[in-house]
Number of protein chains: 2
Amino acid sequence: MALTAAEIETLAGVAQRKLMLSTDQGLSQQGQANSAAFILTRGWAFSYILLHDGSRQIVDFRVAGDFLGLRGLLSPMSDLFIEPLTDVEVTEFQIGELLGAGTKVPRLMSAILAGIARDQAITVEHLVSIGRRGAPERTAHFFLELGARLEEAGQGRKDNYACPLTQYHMADALGLSAIHINRVLRELREDGLLTFRKGEVFIDDYDQLSKLAGFDPGYLRAKTVF
Amino acid sequence: MALTAAEIETLAGVAQRKLMLSTDQGLSQQGQANSAAFILTRGWAFSYILLHDGSRQIVDFRVAGDFLGLRGLLSPMSDLFIEPLTDVEVTEFQIGELLGAGTKVPRLMSAILAGIARDQAITVEHLVSIGRRGAPERTAHFFLELGARLEEAGQGRKDNYACPLTQYHMADALGLSAIHINRVLRELREDGLLTFRKGEVFIDDYDQLSKLAGFDPGYLRAKTVF
DNA sequence: CGCCGACTTGATGCCACTCAAAAATAGTGG
DNA sequence: CCACTATTTTTGAGTGGCATCAAGTCGGCG
């Protein structure tokens, strides 16, 4: 988001410490205890909600550069859990300090708000997918979004990237059953659109897939206010 | 959210002008042109996304006290439209001024962020509903949330409130067809749980309905950071 | 009175779920 | 290195929830 050197220095003054976490260490409660949040610097994580009947809705997969646990600090008793999906590296910071720095450096606050707005836009797009797109379109859209985000984060190419998800993860993110995800993936593969194999995504026909999904990456861009 | 007199005065210094709008006047583009956003002070509005195939996903219904169009200012080319559902009264403000006031009065900034976090929590809850709840549970949850929000806004009781929605609105918000919404409403009515008639909602058995929906209003509360 | 939007109901069909189980892959300890 | 187990992927069969198509009812309004 192109901060100046001075702004990055301010941010560095806030950043607290790097943490390494592995798959079994949830980090939603962790942050809430000491009102800390995180920026994910390496690996994948995901945020989800657990329903009373045991089913799970994954809200988003988080990759390098994304905030983690911001909402938990602004909303009490957040039932939104966050878990690493791979081993991850996060940098922890105090929410108060970050916002304090933001008040001193308006452009920093603007960047924070832009990040929050982007997360909101992503959630809305997921809502649209689940609410109004059929299973193949939804699945296609999912992998296109991931590709765009990963490429932006320097984690691969938008049409070919490593992806540590199981089909159960995809199912819980897309509001489908894992079995049906499997069938949809096969269909997309046989149509020469997308291949998911052994933790790697190959988008075989980017244009056709984008057209199928109605994918427009506009919502992933954020705008600074000041 | 209990601001002090001084804080409210700061807010009043920001507030620009009251506008009256009727059903046919969209207000998403309106705000973006002059980087203004709104607080809805009377009436109902709704935000939605239009898909290429003409279908519509309603993201949220907005009632008195809610922000309108905040995201459009933080995210470029927002494809999120906002429209009045009834005649509405809004107070317009400049986003820059609001945030400027926020930097001077940290508790105000905290309140703004809490509002944003609440909106995010609401969107996530809709995502969960559409992704993992069946049609009756989803519909029940919808009316319970509306009731809670309206009661908080002083617009009725959580178990009995005026509701100017058509079944088409509900369908597009809940990811169902209007026809199926109709059947679900009948079912809920016949089970003595909820009655929707002529623009008014009666929740006949609040506890049973909450249990059916798995409704927990915790996510509607926001927390101040400072 | 005639029209139009919203609501209601019935019939039919498909998309995606569930149940069931085999095959492939990964992880583990001997 | 191999046997053993757990996890993930894959496929089949049957079912059901919700969509779509079709048509009729009700109420408001010009």
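Below, read A as the first sequence line, B as the second, and so on, with proteins coming before strands; counting in each chain starts at 1. All figures in this text were calculated on a predicted structure; none of them were measured in a lab.
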Could you tell me how far apart B:Arg186 (CZ) and D:dC18 (P) are, to the nearest whole angstrom? 15 Å
Near DNA chain C, which residues from residues 162-178 of chain B have a heavy atom under 4.0 Å away? B:Thr166, B:Gln167
Write down the distance between CD1 (A:Ile181) and P (D:dT11), rounded to a whole number of angstrom. 15 Å
Near DNA chain C, under 4.0 Å by heavy atom, which residues of residues 126-136 of chain B? none
Looking at A:Arg42 and A:Asp87, does any basic side-chain N land under 4.0 Å from a carboxylate oxygen? no
Could you tell me whether the phosphate oxygens of C:dC7, OP1 or OP2, come under 4.0 Å of any side-chain nitrogen or oxygen in B:Asn182? no
Lys/Arg N to Asp/Glu carboxylate O, A:Arg186 vs A:Asp191, below 4.0 Å: no
Sidechain-backbone polar pair: A:Asp60 side chain, A:Arg62 backbone, donor-acceptor under 3.5 Å: no
Side chains of residues 150-158 of chain B: which donor-acceptor partners sit under 3.5 Å, not counting sequence neighbours?
from     : atom 1 : to       : atom 2 : distance (Å)
B:Glu151 : OE1    : B:Lys158 : N      : 2.7
B:Glu152 : OE1    : B:Arg118 : NH1    : 3.0
B:Arg157 : NE     : B:Asp159 : OD1    : 3.2
B:Arg157 : NH2    : B:Asp159 : OD1    : 3.1
B:Arg157 : NH2    : B:Asp159 : OD2    : 3.0

One thing to verify: whether A:Arg183 and A:Glu187 come together as a salt bridge, which I'm taking to mean a side-chain N less than 4.0 angstrom from a carboxylate O. no
Does A:Lys211 pair with A:Asp205 as a salt bridge, N-O distance under 4.0 Å? no
Can you check whether any acceptor in the base of D:dG12 is under 3.5 Å from a donor in the side chain of A:Arg183, or vice versa? yes
Which donor-acceptor pairs under 3.5 Å do the side chains of residues 195-202 of chain A make with protein atoms, sequence neighbours left out?
from     : atom 1 : to       : atom 2 : distance (Å)
A:Thr195 : OG1    : A:Asp204 : OD2    : 2.7
A:Glu200 : OE2    : A:Asn160 : ND2    : 3.0

For B:Val184 and A:Leu185, find the nucleotide of DNA chain D closest to each by heavy atoms; which residue's nucleotide sits nearer the 5' end? A:Leu185
Taking NZ, NE, NH1 and NH2 as the nitrogens, is one of them in A:Asp53 or B:Arg133 under 4.0 Å from a carboxylate oxygen of the other? no
Here's a test for you: under side chain to side chain contact (heavy atoms under 4.5 Å, CB included), which of A:Thr123, A:Ile122, A:Val124 qualifies with A:His126? A:Ile122
Treating A:Gln57 as the side-chain partner and A:Ala173 as the backbone partner, does any N or O pair qualify as donor plus acceptor under 3.5 Å? yes
For the pair made of CZ in A:Arg189 and P in D:dT9, what is the distance, rounded to whole Å? 12 Å
Which of residues 192-202 of chain A sit near DNA chain C, with a heavy atom under 4.0 Å from it? A:Lys198
Taking A:Ser55 for its side chain and A:Leu51 for its backbone only, find out whether a donor-acceptor pair lies under 3.5 Å. no
Any donor-acceptor N/O pair, B:His169 side chain to B:Thr166 backbone, under 3.5 Å: yes
Check: protein-nucleotides 22-26 of chain D nitrogen or oxygen pairs below 3.5 Å:
none

Donor-acceptor contact below 3.5 Å, side chain A:Asn182 vs main chain A:Ile179: no
